[in-house]
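Below is one structure, written out as structure tokens; comments come after it.
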Amino acid sequence: MYIFDSVQKIKREFISLKKNEVSLYVCGPTVYDDAHLGHAKSALVFDLLSRVLRAEGYHVKYARNITDIDDKIIKKASELGVSIKEITDKYTEAYHVDMAHLGIQRPDIEPKATESLDAMFLMIQNLLDRGHAYQISNGDIYFDTVSDAEYLSISHRVQNEDEKQNRVLNSDEKKNSADFALWKSVNDGDISFDSPFGKGRPGWHLECSAMIEKHLACENVSKYAIDIHGGGADLLFPHHENEAAQTRCSTNHEIAAYWMHNGFVNIDGEKMSKSLGNSFFIKDALKIYDGELLRFYLLSTHYRSNFNFNDEDLLASKKRLDKLYRLKKRLFGLEVHSDMQTAFKTKLLHALKDDLNVSTALSVIDEMISSVNETLDSAGKHKELKREAMIDMAYIEELLGFGLQNPFEYFQTGVDKETREKLQELIEKRNIAKKEKDFATSDSLRDEILSYGVTIMDTPQGTFWERV
RNA sequence: GGCGCCAUCGCCAAGUGGUAAGGCCGGAGCCUGCAAAGCUUCUAUCCCCAGUUCAAAUCUGGGUGGCGCCUCCA
């Protein structure tokens, strides 16, 4: 397995801290609103990663957090006059529903900030004890960035002159403008939590560091807490930089051995943002597109590239996914359960092992589809070939998470029962006309069938219709 | 302004030193009563300039053009 480490900025061979085990932590959503396509992309990428690692034989411990303490949640709750739990429960559930539609497996652990406060207190106390944090007069606790010689080693940023000047100009008690809050004290009756440091709420960077320590970190094994830490590219700074600093200074290890950051999703060439009014929520996309198609499309480009979501490309993806299902149609009826290794399986995994090279993986799939179709065309009954193709298809389902539907239903989704029956009736009539070589009638029947927004195809197995 | 990423066929997109994968669209053909589906086949020298090398899309330098982060963000 090779992984592009976005901190070292090179592709590195992946060597796990513990033999055959991988700990993976991905920054999950802040649950104050519906998830958009960007959340989908990130969840999809790391879903794929965990599948590939498992296929490689690793026992994967995958954690993706739910940030359920956050100023935006509190703001929304107070605006609506409800508890933050009402907000977070609602959007956590919505997140799970969206992810399920995209075929994303649930992570092994889904830690919540509200359930990890003990770990945060411990970390803050450690940082205070070790002289990496300080409390100011209003009760806020800050991380002292100057006390960490390695600060900025994750993002490779350099402190500029402005920031140094800010330090002097700053009227508050922060020692350095780059210092960030570990604990915000709250005295104004806002929603807050009790802590050894007084009432308040944790800084958002702290949540992830603490949850990693609590749920994933392996002690005394190496100089790293976990194997892989992932998230969106925008999290590299300041979020991950600060996470790394907190962990480094409060424990005896660095936070992660490998860092992975996925690229952004843009809509028709524009950045998704609320101010532009083009946030594309998953639940809205699902009203138009099949979840599996969205999975296929969002996964079709390398995870590190930025992704430009648009209808034209999505249609091309649909046609590509259709090919897979057409082959599945041809193989329909065959039941195969086998762990048999095939050349295809080896090639597919090999592609994905290379930093999740999905493009190559898809080309391997396309070539398999073409090759099987070709053989099937040239010499009808190839039982062994069909069996092997079925095994290969099952592997695609397992590794990439698409191709799971019944192939006939896949092409017919969204057509009601009444129409189905009508179509079946028309097809039978047409087949009779065809048999009698009454092509004028059969063609007019076909026109009628087409008017239902479907297309038909005559095959050796009979006549089938598909939604256009 | 600081740090960084990217530029490959009409479109999407791999390849990162050894002579350009794959998909969509399009052309031609096979199959088909005609279609559809499937199959066969055709279509790029890699933004520009200079350099390194036996050899560069791949490395170096300089342009040009996109984009990201630096504030909450997947």
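First the proteins, then the strands, lettered A, B, ... as listed; each starts at 1.
Among the heavy atoms of the strands lying under 4.0 Å from A:Lys72 are primed sugar atoms or P, OP1, OP2 only; no base atom is included. Looking at heavy-atom distances under 4.0 Å, A:Phe464 makes no contact with the nucleic acid at all. Residue A:Leu235 is classed as a sugar-phosphate contact, given heavy-atom separations below 4.0 Å to backbone atoms only. Residue A:Ser300 is out of contact with every strand shown, counting any heavy-atom pair closer than 4.0 Å. In this structure, A:Ser42 reaches the sugar-phosphate backbone alone: every heavy-atom distance under 4.0 Å involves primed, P, OP1 or OP2 atoms, never a base. Residue contacts shown for A:Gly232 are limited to sugar-phosphate atoms, with no base heavy atom under 4.0 Å away. Base engagement by A:Val265 is indicated by at least one non-hydrogen atom pair under 4.0 Å involving a base atom. Within the 4.0 angstrom heavy-atom criterion, base atoms lie near A:Arg320. Backbone-only contact: A:Asp366 has heavy atoms under 4.0 Å from sugar-phosphate atoms and none from a base. Within the nucleic acid shown, A:His36 comes within 4.0 Å of at least one base atom, counting heavy atoms only. Counting non-hydrogen atoms under 4.0 angstrom, A:Glu367 reaches the backbone sugars and phosphates but no base. Among the atoms of the strands shown, base atoms are found under 4.0 Å from some heavy atom of A:Gly263. No contact: A:Asn266 has no heavy atom under 4.0 Å from any strand.
Proximity note for A:Arg430 (side chain, C-beta onward) versus B:C69, B:C34, B:C39: the nearest is B:C34. Side-chain atoms of A:Thr301 lie closest to B:A14 of the nucleotides B:A37, B:A74, B:A14. Comparing B:G33, B:G23, B:A21 against the side chain of A:Ser363 picks out B:A21 as the nearest. Taking only side-chain atoms of A:Met272, from C-beta outward, the nucleotide of B:A74, B:C69, B:G4 with the closest atom is B:A74. In the set B:C25, B:G33, B:G4, the nucleotide with an atom closest to the side chain of A:Lys9 is B:G4. Comparing atom distances between the A:Asn373 side chain and each of B:C70, B:A14, B:C39 picks out B:C39 as nearest. Here the side chain of A:Phe439 is nearest to one of B:C24, B:G33, B:C11, namely B:G33. Between B:C12, B:C39, B:A74, one nucleotide has an atom nearer to the side chain of A:Asp313 than all others, and that is B:C12. Considering only side-chain atoms of A:Asn262, the nucleotide from B:A14, B:A37, B:A74 that sits closest is B:A74. For A:Val158, taking side-chain heavy atoms from C-beta onward, the closest of the listed nucleotides B:A74, B:C3, B:G33 is B:C3.
Rounded to the nearest 0.5 angstrom, A:Ser209 OG and A:Ile255 CD1 are separated by 4.0 Å.
For the pair A:Ile191 and A:Ile73, the minimum side-chain heavy-atom distance is 4.5 Å or more.
Going from the C1' atom of B:U60 to that of B:G66 covers 23 Å, rounded to whole Å. Spacing of P atoms, B:C42 relative to B:U53, comes out at 38 Å, to the nearest Å. The gap from the P atom of B:U52 to that of B:U58 amounts to 15 Å, rounded to the nearest Å. Nucleotides B:G4 and B:C39, compared at atom C1', are 47 Å apart to the nearest Å. The C1' atoms of B:G15 and B:A57 are separated by 9 Å, rounded to the nearest whole Å.
As rounded to whole Å, 17 Å separates atom C1' of B:C30 from atom CG of A:Leu376. We find that CH2 of A:Trp465 is positioned 18 Å from C1' of B:A35, with the value rounded to whole Å. In this structure, A:Met457 places its CE atom 10 Å from P of B:A36, rounding to the nearest Å. To the nearest angstrom, C1' of B:G68 lies 17 Å from OH of A:Tyr303. Per the geometry, CG belonging to A:Leu298 stands 16 Å off P belonging to B:C12, to the nearest Å.
Taking the six-membered ring for Trp and thresholds of 30 and 60 degrees, A:Phe309 and A:Phe280 have ring planes more than 60 degrees apart, a perpendicular arrangement.
In the interface, the side chain of A:Asn306 is not paired with the base of B:G68 through any donor and acceptor atom under 3.5 Å apart. Donor-acceptor pairing under 3.5 Å, judged by distance alone, is present between the side chain of A:Arg446 and the base of B:A35.
Taking only side-chain nitrogens and oxygens, A:Lys323 comes nearer than 4.0 Å to OP1 or OP2 of B:C24. Here A:Ser370 does not reach the OP1 or OP2 of B:U40: none of its side-chain N or O atoms lies under 4.0 Å away. Remark: A:Lys319 is not in phosphate contact with B:G22, judged by side-chain N or O atoms under 4.0 Å from OP1 or OP2.
The partner of B:G51 is B:C59, judged by Watson-Crick or G-U wobble contacts that both fall below 3.5 Å. In this structure, B:C3 and B:G68 make a Watson-Crick or G-U wobble pair, each of the two defining distances being under 3.5 angstrom.
Under a 3.5 Å cut-off, the side chain of A:Ser23 and the backbone N or O of A:Asp227 do form a donor-acceptor pair. Under a 3.5 Å cut-off, the side chain of A:Glu292 and the backbone N or O of A:Gln405 do not form any donor-acceptor pair.
For the side chain to side chain contact (heavy atoms under 4.5 Å, CB included) criterion with A:Thr114, the lone passing option out of A:Ile69, A:Thr88, A:Ile66, A:Thr67 is A:Ile69. Under the salt bridge (Lys or Arg N to Asp or Glu O under 4.0 Å) test applied with A:Arg430, the options A:Asp438, A:Asp447, A:Asp458 reduce to a single match, A:Asp458.
Annotation: A:Lys318, atom NZ; neighbour count of heavy atoms from other residues, nucleotides and ligands within 6.0 Å is above 12.
For the pair A:Ile456 and A:Gly231, both in contact range of RNA chain B, the more 5′-proximal nearest nucleotide belongs to A:Ile456.
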